[in-house]
Amino acid sequence: GARVWQVLSDFFVKVGCSPNLQISMQVVDSLRQLAMKFLSRTELANYSFQNEFLRPFVIVMRQSPAVEIRELIIRCVSQMVQARVAHIKSGWKSMFMVFTTAAADESSQIVALAFQTIERIIREHFHYIIETDTVAFTDCVNCLVAFTNSEAGSEVCLNALAFLRFCALKLAEGALGDLEETAATEKQLATDGVVEVTQMKSTVATTCFTDADAHTYFWFPLLAGLSELTFDPRAEIRTSALEVLFDTLRFHGGSFAPGFWSRVYGRILFPIFDHVRADIMPSTRTAGGDGEYEVATEDIDDWLYGTCTRCLELVVDLAAQFHEPIVEAGVMPDLLE
């Protein structure tokens with residue numbers, strides 16, 4: 001079956017990217033009908049044929065020069081989620097890849113349509129995303145990060161940041177269940193920490209997050225995505241990313257073990273300031289004349305005196321709030337530098 005599909009898949013991609021719009025639209029629609037039939041059956045555990053089956057949508061989305069085809073693909077995927085959400089398992093990966101591709105589309109209409117669809121999927125079907133394949137949580141986060149980098153307008157970016165905040169909340173609440181088990185079974189990651197899960201209400205579990213790979217695998221794409229946005233040229237995106245990053249650390253830091261804090265400072269917070277040093281020092285040292293020096297400093301002034309100063313304040317506040325685990329994490333000497 002897989003070999004036959006490989007041949008068919010290549011055909012769908014080739015014809016789906018055809019310059020003849022009528023033919024390519026017909027092919028994409030045929031693919032949608034096939035996929036709908038295929039998704040009417042639940043995928044068996046440890047199989048990833050759904051992902052293979054939906055891959056032509058991803059490739060045509062990346063390669064088609066026709067905005068009509070790219071729009072049709074988003075509408076097809078949206079329809080599949082609405083109609084077959086309970087049966088989607090490995091297929092989430094390809095679906096999120098379609099939307100991640102759309103986030104960088106040159107057409108702002110495509111970006112807006114794709115993000116509206118993602119908003120609806122996360123709002124209405126988040127529990128399906130994480131129940132069927134928790135690795136899809138990371139695909140979802142990476143997709144949202146792609147929309148925060150979109151050039152299609154700040155509204156999409158700011159809304160994507162709000163959804164990253166929502167994902168962090170779900171992760172902190174324990175919505176993904178036993179992360180050790182999840183990551184070990186689905187990613188064969190090495191796990192070297194212990195998860196303590198206590199039921200608070202009937203639905204909400206809190207997890208003690210350690211530096212186990214199982215924990216960092218889910219947390220760090222989210223935190224790193226926010227951290228990188230603190231360098232965004234758009235002031236409102238920088239400010240909002242900083243706010244979401246530190247709110248996440250402040251609200252959920254009580255469940256972070258010292259080892260986890262050590263990774264947060266080493267991989268998420270300190271690199272922000274390393275970036276400043278790398279950017280600023282060479283320009284001030286190697287400036288040949290006053291003109292060059294002024295341009296170099298002008299470029300970084302806004303970031304340095306606005307975002308960077310605020311970031312420093314927030315890092316200090318965080319160290320005060322979670323003093324004990326952060327001291328135990330051994331990051332204080334670096335912090336005081």
What do you reckon, is CZ of Phe11 surrounded by more than 12 foreign heavy atoms closer than 6.0 Å? no
The test is side chain to side chain contact (heavy atoms under 4.5 Å, CB included); show your working for Ile121 and Ile129 and say whether it passes. CA-CA 9 Å; Ile121 290 172; Ile129 296 170; 3.9 Å; yes
Closest non-hydrogen atom pair between Val111 and Ser150, with its separation: CG1-OG, 3.4 Å
Main-chain N/O of Gly91 paired to Ser94 side chain as donor or acceptor, under 3.5 Å: no
Quick one: does any side-chain atom of Thr230 pair with a main-chain N or O of Ser227 as donor and acceptor, under 3.5 Å? yes
Within 6.0 Å of CD in Gln26, more than 12 heavy atoms from elsewhere: no
What's the separation between atom CD1 in Ile74 and atom CG in Asp105, rounded to the nearest 0.5 Å? 7.0 Å
Could you tell me which non-hydrogen atom of Ser64 sits nearest to which non-hydrogen atom of Cys17, and how far apart they are? N-SG, 4.1 Å
Determine whether more than 12 heavy atoms belonging to other residues, nucleotides or ligands lie under 6.0 Å from atom CD of Glu151. no
Consider only side-chain heavy atoms of I, L, V, M, F, W and Y, link residues closer than 4.5 Å, and tell whether Met36 and Val58 are in one cluster. yes
CA sep, side-chain torsions, deciding dist, call: Ser9, Phe53, side chain to side chain contact (heavy atoms under 4.5 Å, CB included): CA-CA 8 Å; Ser9 178; Phe53 200 91; over 6 Å; no
Is there a side-chain contact between Ile69 and Val60, using heavy atoms and a 4.5 Å cut-off? yes
Going through the distances and angles, do Trp92 and Val81 end up as a side chain to side chain contact (heavy atoms under 4.5 Å, CB included)? CA-CA 9 Å; Trp92 285 116; Val81 173; 4.1 Å; yes
Any chance you could measure Leu158, atom CG, to Thr148, atom OG1, to the nearest 0.5 Å? 10.0 Å
Criterion side chain to side chain contact (heavy atoms under 4.5 Å, CB included) on Ile110 and Met61, from CA distance to verdict: CA-CA 11 Å; Ile110 294 285; Met61 186 75 199; 4.0 Å; yes
Hey, are the side chains of Arg84 and Gln79 touching, using non-hydrogen atoms and a 4.5 Å cut-off? no
For Phe163 and Phe126: C-alpha separation, side-chain torsions, deciding distance, then whether ring-ring contact (aromatic ring centres under 6.0 Å, His included) applies. CA-CA 11 Å; Phe163 275 98; Phe126 188 77; 9.4 Å; no
Walk me through it: do Phe57 and Phe12 pass the test ring-ring contact (aromatic ring centres under 6.0 Å, His included)? CA-CA 9 Å; Phe57 285 112; Phe12 277 118; 8.7 Å; no
Closest non-hydrogen atoms of Thr117 and Leu113, given as atom of the first, atom of the second and distance, are OG1-O, 2.8 Å
Heavy-atom check, side chain of Leu223 versus side chain of Leu249, under 4.5 Å: yes
Scanning both residues in full, the closest heavy-atom pair of Glu313 with Arg310 reads OE1-NH1, 2.9 Å
Are any non-hydrogen side-chain atoms of Arg120 and His125 less than 4.5 angstrom apart? no
I'd like to check the ring-ring contact (aromatic ring centres under 6.0 Å, His included) partners of Phe115; sequence neighbours left out, ordered by chain and number. Phe147
Examine distances only and state if a side-chain atom of Ser18 and a backbone atom of Ser24 form a donor-acceptor pair shorter than 3.5 Å. no
What distance separates Arg165 CZ from Leu161 CG, expressed to the nearest 0.5 Å? 8.5 Å
Closest contact, heavy atoms only, His215 versus Phe209: ND1-CA, 3.3 Å
So CG of Leu314 and CD of Glu243: to nearest 0.5 Å the spacing works out to 9.5 Å
Please answer whether the main-chain N or O of Ser154 pairs with a side-chain N or O of Arg234 as donor and acceptor at a distance below 3.5 Å. no
In terms of hydrophobic clustering (I, L, V, M, F, W, Y; side-chain heavy atoms under 4.5 Å; direct or indirect links), are Leu312 and Val244 co-clustered? yes
Looking just at side-chain N and O atoms, do Asp29 and Gln33 make a donor-acceptor pair shorter than 3.5 Å? yes
Donor-acceptor pair, side chain of Arg70 and main chain of Pro65, under 3.5 angstrom: yes
Whether the side chain of Gln50 engages the backbone of His87 through a donor-acceptor N/O pair (distance < 3.5 Å, no angle test) should be reported. yes
Residue pair Trp261 / Leu318, side-chain heavy-atom distance below 4.5 Å: yes
Is it true that Asp139 and Lys93 make a salt bridge, defined as a side-chain N closer than 4.0 Å to a carboxylate O? yes
Quick check: do Val315 and Ile272 have side-chain heavy atoms less than 4.5 Å from each other? no
Are Leu169 and Ile118 connected, step by step, through hydrophobic side chains (Ile, Leu, Val, Met, Phe, Trp, Tyr) whose heavy atoms are closer than 4.5 Å? no
Tell me if the aromatic rings of Phe137 and Phe96 count as close, with their centers under 6.0 Å from one another. no
Please check this pair: side chain of Ser240 against backbone of Glu236, looking for a donor-acceptor N/O pair closer than 3.5 Å. no
Side chains of Thr138 and Phe218: closer than 4.5 Å at any heavy-atom pair? yes
Got a second to check how far Leu54's CG is from Leu31's CG, nearest 0.5 Å? 8.0 Å
Single-linkage hydrophobic cluster, 4.5 Å side-chain cutoff, Phe251 and Val316 together: no
Can you check whether Arg238 reaches Leu242 side chain to side chain, under 4.5 Å on heavy atoms? no
Would you say Ser255's side chain and His252's backbone share a donor-acceptor pair under 3.5 angstrom? yes
Hydrophobic cluster identity match, Val13 and Val67, side-chain contacts under 4.5 Å: yes
Using the test side-chain contact (heavy atoms from CB on, under 4.5 Å), find all partners of Ala168 that sit at least two apart in sequence or belong to another chain. Trp219, Leu222, Thr248
About how many Å separate CZ of Arg41 and CZ of Phe49, when rounded to the nearest 0.5 Å? 9.5 Å
